[in-house]
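Some notes on the structure that comes next.
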Amino acid sequence: MRVSRMMLVTLRDVPADAEIVSHQLLLRAGYIKRVTSGIYAYLPLMLRVLQKINSIVREEINATGALETLLPQLQPAELWEKTGRWNSYTAGEGIMFHLKDRQGRKLGIGPTHEEIITTIAKETIHSYKQLPVILYQIQSKFRDEIRPRFGLMRSREFIMKDAYSFHSNEDDLGKTYTCMDIAYKKIFSRCGLKTVPVDADSGAIGGAASQEFMATAEAGEDLIMISSNRDYAANQEKAISIPKRPKPLPTGNTSIINTPNQSTIDELCSSNKFDPSQIIKVIIFIAKEENGGLQPLLISLRGDQKLNEVKIVNTLHNKLGINVIDLYPITIDEIRNQGLCEFPFGYLGPDLDDKYLLGAKTWKNKFLRIADHTATKLKLFICGSNKENHHVTHMSWDKLGGIPLSVDIRKAEVGDLCVHDQTQTLSSIRGIEVGHIFQLGRKYSDSLDAKYTNESGGQESFWMGCYGIGISRLAQAVIEQNHDENGIIWPISIAPYEIIISIANTKDKTQTKLGEELYNKLIKLGIEVLLDDRKERAGVKFKDADLLGIPWRIVVGREAEFNKIELFERSSRNTTLMIVDDAIKKLSSEIPSKRS
Ligand code: ATP
Ligand code: MG
């Protein structure tokens with residue numbers, strides 16, 4: 001391709017709305033164009049990158065025995081109503097774009113495809129003899145993200161590879177899950193991406209295995225907790241750990257103490273020389289249930305610990321069968337709107353009376369009381385007395401009327417010990433989630449009544465897995481890991497072109513002639529070449545070539561008359577003056593070997 005014909009417009013300045021370097025570089029080098037918030041056009045160079053990633057993905061996913069398919073993006077609401085997801089995906093903070101057709105029928109625009117694929121499996125797979133089946137597709141997904149940002153990292157229309165597998169038993173699902181795990185590792189490494197597989201939250205489905213693949217990068221939105229020997233890694237949402245030991249409370253009797261203006265743990269500690277680990281703090285959240293119920297939660301946590309909201313949602317589902325679609329801390333305004341008197345915030349105790357909720361307009365009028373294990377394990381502690389300006393010291397659970405439901409709802413923190421090996425401490429790194437594999441079990445097949453006939457003639461729900469890769473996010477994650485101050489450094493395997501030939505002075509006939517000859521020769525050798533034939537200064541061309549990130553650059557300059565060129569490697573920035581034929585030989589052996 002000739003750069004003069006390429007619609008190439010590069011920007012010298014950093015676009016104001018692009019916060020992270022990979023997003024800035026994609027915009028500056030003319031790979032993408034923003035259309036509106038979270039919606040981008042992939043320009044021709046970008047499409048080549050995406051297509052290369054797609055071919056790597058296809059090769060590896062086909063090798064697992066999966067079949068490529070293409071599912072509709074418009075999905076009838078009825079299917080989502082059957083799985084109970086229509087409301088949570090469309091109401092409030094739900095992320096599904098949705099509409100009505102001319103007959104008034106509701107449709108959602110696909111954020112994911114479990115409902116559609118399970119319905120197809122139900123209608124197509126009748127016997128155990130047809131199983132297992134793995135189907136996948138590569139297509140645009142639509143999600144009305146609350147905070148679209150960072151370009152292709154979190155966009156509202158993006159490209160995903162999603163695969164779904166159907167099995168007659170859990171063991172077989174486990175085998176495919178392992179195959180996908182291996183395929184994913186190959187895909188990411190072939191794309192030049194360094195990833196860490198981490199234990200992931202399985203959402204409210206519970207129990208089932210789920211693993212995310214995180215591209216390590218400072219700009220990543222996810223926090224990963226990782227043990228010193230790297231044997232354990234988990235998304236912070238899911239991570240478990242052994243917390244630091246609490247500082248024992250010196251002996252003493254239960255007594256009420258005056259704590260004016262000490263409504264925070266910090267104030268309480270500095271005024272009384274307490275350690276945060278000796279205190280139990282109490283927080284109130286509202287859990288919005290799937291059926292619309294609003295349940296106040298009275299949560300007790302050791303004073304030095306932080307709450308993990310994802311764990312609360314999972315606990316409510318797994319231990320109490322409550323499906324939560326939203327969880328938020330209560331505010332004074334809401335208490336007033338409920339017609340209730342103010343709560344003694346800052347002085348709440350785990351035994352706060354239910355009478356505070358009596359007469360609430362829409363809230364249930366009994367607290368659901370839960371406490372983190374770190375809080376319930378304390379024998380003696382300091383806590384609020386439910387009276388302004390007063391706390392209680394040397395309180396015990398007995399005196400509070402017993403231990404509430406004790407669960408793990410704390411955030412694992414840096415410095416905690418690893419639960420699998422207590423010689424290891426946890427530290428944190430940031431990551432970009434580029435893929436997710438998930439054993440769904442029978443959640444969707446049960447709710448959509450997707451069954452097959454088993455060996456003994458009985459009807460059974462399919463065992464299912466799902467496996468996603470964010471193709472467009474992955475492309476940008478590669479840049480986040482592979483760039484320098486001059487621009488992108490594509491790995492050969494997914495570079496839009498492999499070589500760029502820059503003719504230093506297009507007015508010089510020798511240079512132009514040699515450039516053109518080289519261009520044609522390299523194309524004949526099956527190499528993907530750009531010819532920068534623009535009537536621009538050499539410096540401009542070099543800057544653009546750096547920015548675009550093409551792995552090799554051939555500079556045809558003054559030495560052309562001696563049949564010599566300069567070969568420049570983008571990643572090492574090494575330049576070698578070479579005889580043309582030697583350069584061709586080197587490139588035609590090196591490039592194909594590095595393609596994947
Ligand atoms: P996240 O937690 O980042 O929102 P998710 O858990 O919602 O991701 P999945 O539903 O598992 O993601 O989707 C599969 C893959 O699609 C993700 O691993 C990610 O790489 C990609 N992806 C998800 N949401 C977006 C988005 N808004 N923009 C770009 N890629 C996305
Ligand atoms: Mg998401």
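These numbers come from a predicted model, not from an experiment. Counting convention: from 1, in listed order, for ligands and their atoms alike.
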Exercise for the section: May I ask whether Ser472 places a heavy atom under 4.0 Å from ligand 1? Expected result: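 Flag not set, Ser472 not near ligand 1.
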Problem - contact_flag Ile159 ligand 1 heavy-atom lt 4.0 Å - result: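 Ile159 does not count as a contact of ligand 1 under the 4.0 Å cut-off.
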Fill in the blank from the handout: For Met153, the ligand 1 atoms with a heavy-atom partner under 4.0 Å come out as 26 (C), 28 (N), 29 (C), 30 (N)
Problem - Proximal ligand 1 atoms for Val434, defined as those under 4.0 Å from one of its heavy atoms - result: 18 (O), 20 (O)
Side chain, backbone, both or neither: which part of [X] comes within less than 4.0 Å of ligand 1 when only heavy atoms are counted?
| X | value |
| --- | --- |
| Leu474 | neither |
| Arg143 | side chain |
| Arg473 | side chain |

Short N or O distance, [X] and ligand 1, threshold 3.5 Å exclusive:
| X | answer |
| --- | --- |
| His436 | yes |
| Glu145 | yes |
| Met160 | no |

Exercise for the section: Have a look at Lys161, Glu433, Gln476 and point out the one with the heavy atom closest to atom 17 (C) of ligand 1. Expected result: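 Selected option, by shortest heavy-atom distance: Glu433.
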Problem - side-chain hydrogen bond (donor to acceptor under 3.5 Å, both in side chains) assessment of Gln236 paired with Lys238 - result: CA-CA 5 Å; Gln236 198 190 30; Lys238 155 101 181 183; over 6 Å; no
Exercise for the section: Using ring-ring contact (aromatic ring centres under 6.0 Å, His included) as the criterion, list what pairs up with Tyr184, not counting sequence neighbours. Expected result: Phe188, Phe213
Problem - Between Trp463 and Phe166, ring centroids under 6.0 Å - result: no
Practice task
Measure from the ring center of Tyr42 to the ring center of Tyr31 and say whether it is less than 6.0 Å.
Solution key: no
Handout entry: Minimum-distance pair of heavy atoms, taken over all atoms of Ile550 and Ile500
Key =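 Result for this residue pair: CG2-N, 3.6 Å.
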Fill in the blank from the handout: Between Met96 and Gly108 the two heavy atoms that sit nearest each other are SD-CA, 3.9 Å
Just list the side-chain donor-acceptor pairs under 3.5 Å for residues 290-298, sequence neighbours left out, or say none.
{"residue": "Glu290", "atom": "OE1", "partner": "Asn323", "partner atom": "ND2", "Å": "3.1"}
{"residue": "Asn291", "atom": "OD1", "partner": "Gly293", "partner atom": "N", "Å": "3.0"}
{"residue": "Gln295", "atom": "NE2", "partner": "Lys366", "partner atom": "O", "Å": "2.8"}

Handout entry: Lys NZ or Arg CZ of Arg143 over Phe97 ring: under 6.0 Å, within 45°
Key = no
